[in-house]
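Note that the structure is a prediction, hence the values are computed from the model and not measured. We name chains A, B, ... by the order of the sequence lines, and we start the count at 1 in each one.
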2 protein chains.
Amino acid sequence: MKNQSERAYQRMREKILSGIIVPGARLVEQALSEEIGVNRGDVRQALSRLCAEGLAAKGEKGGFFVRQLTDKDVEEIYEVRYILETSAVRLIIQRAHEEEYRQLDEIVDHMELMAGNNYMLGVYEADLRFHTALVKAAHNEKLFDIYISANIPLSGVHGWRHEITRIDKDYMRDVSEHRRIVEHLRRKDADAAIHLLNTCHEDSRDSIDPPDPAPLSNR
Amino acid sequence: MKNQSERAYQRMREKILSGIIVPGARLVEQALSEEIGVNRGDVRQALSRLCAEGLAAKGEKGGFFVRQLTDKDVEEIYEVRYILETSAVRLIIQRAHEEEYRQLDEIVDHMELMAGNNYMLGVYEADLRFHTALVKAAHNEKLFDIYISANIPLSGVHGWRHEITRIDKDYMRDVSEHRRIVEHLRRKDADAAIHLLNTCHEDSRDSIDPPDPAPLSNR
DNA sequence: TATTCAATTATTGTATACCAAATTTCGCCT
DNA sequence: AGGCGAAATTTGGTATACAATAATTGAATA
């Protein structure tokens, strides 16, 4: 954390993504500034950035709010996710080095370990990391930036903290799916890898229940 | 323009994209604030947003600068542009209505008129509008947002104002290419449309000379 | 009890001033 | 021309003010 506005941004981002601040809630500048320990100007700066990234939005009557994703939004985000990851796979096959495949393997190893011991949140975290590493391996920084700043790997679980994580899910199947994706990448079989990626998407989409209706303070 | 920080954002964006402020130049807060007629805080807010969108960047020794695109950046952006527009085409074929094709036709008409009378900047503008409308027609707001906020249609000509626009370019060929793209879309021939789009990219890539080395005040 | 409306309080958007630290500029000297 | 150091500028951070507006409270009323 170099400077204060960066700090404000990071803290607020965390709070939003982890669901500590629920979607639809008003982002009160003074409260935030006191809590984080920066002044209102820095909070305002961070809010501006969060807005540009789609994590927050300006209310019609003024003020900032945590972005409320509609069903349509989620649907569209999955579509974009598919587009970006599919393209990443094709680039990976042209460009990735063994080193990057090894990194992906390692993440899957972690995922396996956590799945075996029922660390659901851990598995989820590893999954995030896997998809991020996947796009990174495409060797296109701009593509990676877009993927990150669009908060694509997180959108579906916006507010997961408030949901009951499905206990009966077969996490081991996920693990083997991810492992097979890496295999396909190594064999340069783009279509197979993409097909499996698609399966992942379907899975996570099904396992997500709509978040609690947020207690809107206004709007 | 609802509020001041929005105004600051708009003005600065214009200045950067039109090349009035050259790539690499320092963005002095006070100068900007006086010029635009807002206070420093608002400028700071706008700068924060511009940064998130990749139009500006924070210098290592502090301060904001107009983002300087390297050859690699441009290369990557074209790749992303290809990915996004290609995906858009595939979605358009599934979803677009006649109304949207008519809009595209109309833009091509404008382009033709301007090309016929050698309004080079006008042609360029219509081209921008065409590609934007294309992505919009994919009926995925998120995809559209990404396309816009990544400044993809503009990146290649970042600072075009300082270049000598090629006078000998065959603008009419561009026009007919664009017209054929719409035809292919109507016939639902994705591959043909994508192939032509690709041609456009190659063309514009070739016709762009590297911008003048920006007079860097530091960095 | 439920509802309406006015008074009170909170929040935003904007503006200004201040400060220390870092950075840049500029003139001077060699 | 090139290096040096002082002066000016710029940043990043903080505090405060204040009018306009939005939200909440609470009391009066149906």
Side-chain angles (χ1 to χ4, degrees), chain A residues 1-13 15-16 20-53 55-68 213-219, chain B residues 1-13 15-16 20-53 55-68 213-219:
Chain A
M1 286 142 211
K2 214 161 24 188
N3 54 18
Q4 300 293 71
S5 61
E6 186 69 20
R7 210 154 68 84
Y9 166 75
Q10 293 289 353
R11 288 272 175 288
M12 292 170 65
R13 189 185 139 98
K15 273 177 192 288
I16 291 172
I20 292 173
I21 309 181
V22 297
R26 184 179 207 136
L27 293 160
V28 182
E29 293 172 10
Q30 198 166 13
L32 262 337
S33 77
E34 282 170 16
E35 194 177 318
I36 301 170
V38 298
N39 60 25
R40 207 151 69 91
D42 293 320
V43 170
R44 226 141 207 290
Q45 234 177 121
L47 247 11
S48 211
R49 184 169 164 194
L50 254 359
C51 250
E53 288 173 3
L55 245 41
K58 273 183 274 208
E60 330 220 338
K61 300 171 191 170
F64 292 87
F65 297 80
V66 179
R67 177 89 184 275
Q68 179 90 282
L216 302 179
S217 50
N218 91 347
R219 205 192 180 190
Chain B
M1 287 144 209
K2 212 160 25 186
N3 54 17
Q4 301 292 74
S5 63
E6 185 69 21
R7 211 153 67 84
Y9 166 75
Q10 293 289 352
R11 289 272 175 287
M12 292 169 67
R13 182 175 200 269
K15 274 178 193 290
I16 292 172
I20 293 173
I21 310 181
V22 297
R26 187 181 205 134
L27 293 160
V28 182
E29 294 173 9
Q30 199 166 12
L32 262 335
S33 78
E34 282 171 16
E35 194 178 318
I36 302 171
V38 299
N39 59 32
R40 205 151 69 95
D42 293 321
V43 170
R44 229 140 205 294
Q45 236 178 116
L47 247 9
S48 211
R49 184 168 164 195
L50 253 1
C51 250
E53 288 174 2
L55 245 39
K58 272 182 273 203
E60 329 218 340
K61 301 170 189 170
F64 293 88
F65 296 81
V66 179
R67 178 88 185 278
Q68 180 91 281
L216 300 181
S217 48
N218 92 348
R219 205 191 179 189

For atom CZ of A/Phe64 and atom P of D/dA22, their distance in whole Å: 16 Å

Per B/Gln4 side chain, nearest of listed nucleotides D/dT11, D/dT14, C/dA15: C/dA15

d(CG, B/Leu27; P, D/dG12) in whole Å: 12 Å

Nearest-Å distance for atom pair CD/P, residues B/Gln30 and C/dA17: 11 Å

Whole-Å gap separating P (C/dT11) and CG (A/Leu32): 11 Å

Modelled atom types, side-chain donor and acceptor of B/Gln10 and B/Arg7, under 3.5 Å: no

Integer-rounded Å distance: D/dG12 P and A/Asn3 CG: 7 Å

Nearest-nucleotide comparison on DNA chain D, the residue closer to the 5′ end among A/Asn39 and B/Val28: B/Val28

Length of the CZ-P vector between A/Arg7 and D/dG12, whole Å: 16 Å

No-H, no-angle donor-acceptor pair, A/Arg40 side chain to C/dT14 base, under 3.5 Å: yes

Nearest-nucleotide comparison on DNA chain C, the residue closer to the 5′ end among A/Gly63 and B/Gly41: A/Gly63

Under 3.5 Å: donor-acceptor pair, side chain of B/Asp42, backbone of B/Gln45: no

d(CZ, A/Arg44; P, C/dT11) in whole Å: 14 Å

Rounded interatomic separation in angstrom, taking CD from A/Glu34 and P from C/dT11: 10 Å

Touch class at under 4.0 angstrom, heavy-atom based, for A/Leu47 against every strand present: nothing

Given C/dA15, C/dG13, D/dG12, the nucleotide with the shortest approach to the side chain of B/Asp42: C/dA15

Sub-4.5 Å side-chain heavy-atom contact between A/Val43 and A/Met12: yes

Atom pair CZ/CD1 of A/Phe65 and A/Ile21 - distance to nearest 0.5 Å: 12.5 Å

Among C/dG13, D/dT14, C/dT23, the one nearest B/Arg26 by side-chain distance: C/dT23

Heavy-atom side-chain proximity of A/Leu50 to A/Glu53 below 4.5 angstrom: yes

